[in-house]
Amino acid sequence: MKTIKVVAAIIRKENSVFATQRGYGDYKDWWEFPGGKVEEGETPERALIREIREELDSDIIVEKFLTTVEHDYPKFHLSMDCFWCRVQSGKLTLLEHEAARWLPINDLRQVNWLPADVKVVEAIESESQAG
């Protein structure tokens, strides 16, 4: 099975994180953390900065690694490095997504997350309970 290497930004503002809704593909209308594919020769952090600039017209600061999610979708294996981030500049303008919401860290399950992103939510919940 083909492996796709991606990165995801958990963009935090106070006690909320930024979630985006897909507007295309097999999982249209499902929710995810913004990000995308890592290109050849790119570090995960550089890929994340580039993807957020492309998708949300904003510059972010990648602060800290959270988790790597491994998930088998029907057509491919996803390997997703997830990082805590914050906005450096820009207004998180939706250029590719259908919708977006700031969700409270203690109530992330109010949207229909993509299967791999559910694992990210679980990692955020574990870290929040531990810290």
Side-chain angles (χ1 to χ4, degrees):
M1 185 180 294
K2 179 182 174 187
T3 295
I4 298 177
K5 185 72 179 160
V6 300
V7 287
I10 296 88
I11 301 171
R12 185 184 348 209
K13 180 176 72 176
E14 297 164 9
N15 292 320
S16 297
V17 294
F18 193 70
T20 53
Q21 188 177 31
R22 290 176 72 90
Y24 57 90
D26 292 342
Y27 289 92
K28 182 183 179 329
D29 296 331
W30 291 56
W31 289 78
E32 64 185 350
F33 293 99
K37 290 182 184 171
V38 178
E39 294 179 355
E40 187 76 31
E42 216 174 21
T43 66
E45 294 86 350
R46 282 264 128 237
L48 202 47
I49 290 166
R50 175 186 51 75
E51 284 286 346
I52 298 305
R53 194 174 289 139
E54 290 173 3
E55 290 183 11
L56 298 170
D57 194 27
S58 298
D59 289 315
I60 57 165
I61 294 172
V62 179
E63 294 185 319
K64 181 176 106 171
F65 174 78
L66 173 66
T67 191
T68 297
V69 169
E70 302 289 340
H71 185 81
D72 288 326
Y73 282 99
K75 297 177 183 168
F76 61 92
H77 176 79
L78 184 78
S79 179
M80 179 167 62
D81 290 335
C82 306
F83 295 86
W84 287 108
C85 302
R86 67 182 163 86
V87 175
Q88 181 176 28
S89 64
K91 292 186 168 42
L92 297 173
T93 304
L94 298 181
L95 302 177
E96 295 184 13
H97 293 90
E98 194 171 296
R101 287 168 59 182
W102 286 99
L103 299 173
I105 286 179
N106 63 0
D107 187 18
L108 294 174
R109 295 181 183 260
Q110 57 185 284
V111 297
N112 188 26
W113 291 102
L114 284 166
D117 289 77
V118 168
K119 296 176 182 178
V120 182
V121 168
E122 290 167 355
I124 293 169
E125 289 171 344
S126 292
E127 186 172 285
S128 296
Q129 290 164 3

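Numbers here are sequence positions counted from 1.
Within the structure, ring pair (Phe, Tyr, Trp, His ring centres under 6.0 Å) contacts touching residues 87-108 (residues at least two apart or in different chains) are Phe18-Trp102.
For Ile52 against Gly35, the heavy-atom pair with the smallest separation is CD1-N, 4.2 Å. Nearest heavy atom pair, residue Pro74 against residue Met1, reads O-CE, 4.3 Å. Listed here is the closest heavy atom pair of Leu48 and Pro34: CD1-O, 4.3 Å.
Applying the ring-ring contact (aromatic ring centres under 6.0 Å, His included) criterion to Trp84, with sequence neighbours excluded, gives no partner residue. Every residue meeting the ring-ring contact (aromatic ring centres under 6.0 Å, His included) condition with Phe76, not counting sequence neighbours, appears here in chain and number order: Tyr73. Here Asp107 pairs with Gln110 under the side chain to side chain donor-acceptor pair (under 3.5 Å) rule; sequence neighbours left out. Not counting sequence neighbours, the partners of Arg22 by the side chain to side chain donor-acceptor pair (under 3.5 Å) test are Glu32. With sequence neighbours excluded, the residues forming a side chain to side chain donor-acceptor pair (under 3.5 Å) with Lys28 are Glu98, listed by chain and number.
Ile124 and Ile11 end up in different hydrophobic clusters when Ile, Leu, Val, Met, Phe, Trp and Tyr side chains are linked at under 4.5 Å. No path of Ile, Leu, Val, Met, Phe, Trp and Tyr side chains, each step under 4.5 Å between heavy atoms, connects Ile10 with Phe83, placing them in separate hydrophobic clusters. Val121 and Val6 fall within a single hydrophobic cluster, where Ile, Leu, Val, Met, Phe, Trp and Tyr are joined by side-chain heavy atoms under 4.5 Å apart, directly or via other members. Trp31 and Leu94 sit in two unconnected hydrophobic clusters of ILVMFWY residues. Membership requires side-chain heavy atoms under 4.5 Å apart, directly or through other members. One hydrophobic cluster holds both Phe65 and Ile49 under the rule that ILVMFWY side chains link at heavy-atom gaps under 4.5 Å.
Taking the side chain as every heavy atom from C-beta outward, Leu108 and Val17 approach each other to under 4.5 Å. In this structure, the side chains of Leu114 and His71 stay at 4.5 Å or more apart for every pair of heavy atoms. With contacts defined as side-chain heavy-atom distances shorter than 4.5 Å, the pair Lys13/Val87 does not qualify. Side-chain contact between Gln88 and Ile60: absent, with no pair of heavy atoms (C-beta onward) separated by less than 4.5 Å. In this structure, the side chains of Val62 and Cys85 come closer than 4.5 Å at one or more pairs of heavy atoms. Glu45 is not listed as a side-chain neighbour of Val7, based on a closest heavy-atom distance of 4.5 Å or more.
Within the model, atoms OG1 of Thr3 and CG of Asp72 stand 8.0 Å from one another, a figure rounded to the nearest 0.5 Å. Considering CD of Glu125 and CD of Glu127, their distance stands at 12.0 Å, rounded to 0.5 Å. In this structure, the separation between NE2 on His77 and NZ on Lys2 is 13.0 Å, given to the nearest 0.5 Å. Interatomic distance, Glu39 CD to Glu51 CD, rounded to the nearest 0.5 Å: 7.0 Å. From Ser89, atom OG reaches atom CD1 of Ile61 across 8.5 Å, with rounding to the nearest 0.5 Å. The CD atom of Glu54 lies 11.0 Å from the CG atom of Asp57; values are rounded to the nearest 0.5 Å.
The closest donor-acceptor contact from the side chain of Lys119 to the backbone of Glu70 lies under 3.5 Å.
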Fill in: Audit row: Lys5, Asp81, side-chain contact (heavy atoms from CB on, under 4.5 Å) steps and yes/no
CA-CA 8 Å; Lys5 185 72 179 160; Asp81 290 335; 3.1 Å; yes
Item to complete: Evaluate side-chain contact (heavy atoms from CB on, under 4.5 Å) for Thr20 paired with Glu96, printing each intermediate quantity in order.
Response: CA-CA 9 Å; Thr20 53; Glu96 295 184 13; over 6 Å; no
Practice prompt. Check the pair Val120, Leu66 against side-chain contact (heavy atoms from CB on, under 4.5 Å), reporting the backbone distance first and the verdict last.
Written response: CA-CA 8 Å; Val120 182; Leu66 173 66; 4.2 Å; yes
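Within 6.0 Å of the CZ atom in Arg101, the count of heavy atoms belonging to other residues, nucleotides or ligands exceeds 12. Counting heavy atoms of neighbouring residues, nucleotides and ligands inside a 6.0 Å radius, atom CG of Asp59 exceeds 12 of them.
Each of Thr67, Val38, Thr68, Val69 was compared with Met80 under the side chain to side chain contact (heavy atoms under 4.5 Å, CB included) criterion, and only Val69 meets it.
Taking the six-membered ring where the residue is Trp, Phe33 and Trp113 present parallel rings, their angle staying beneath 30° rather than reaching 60°.
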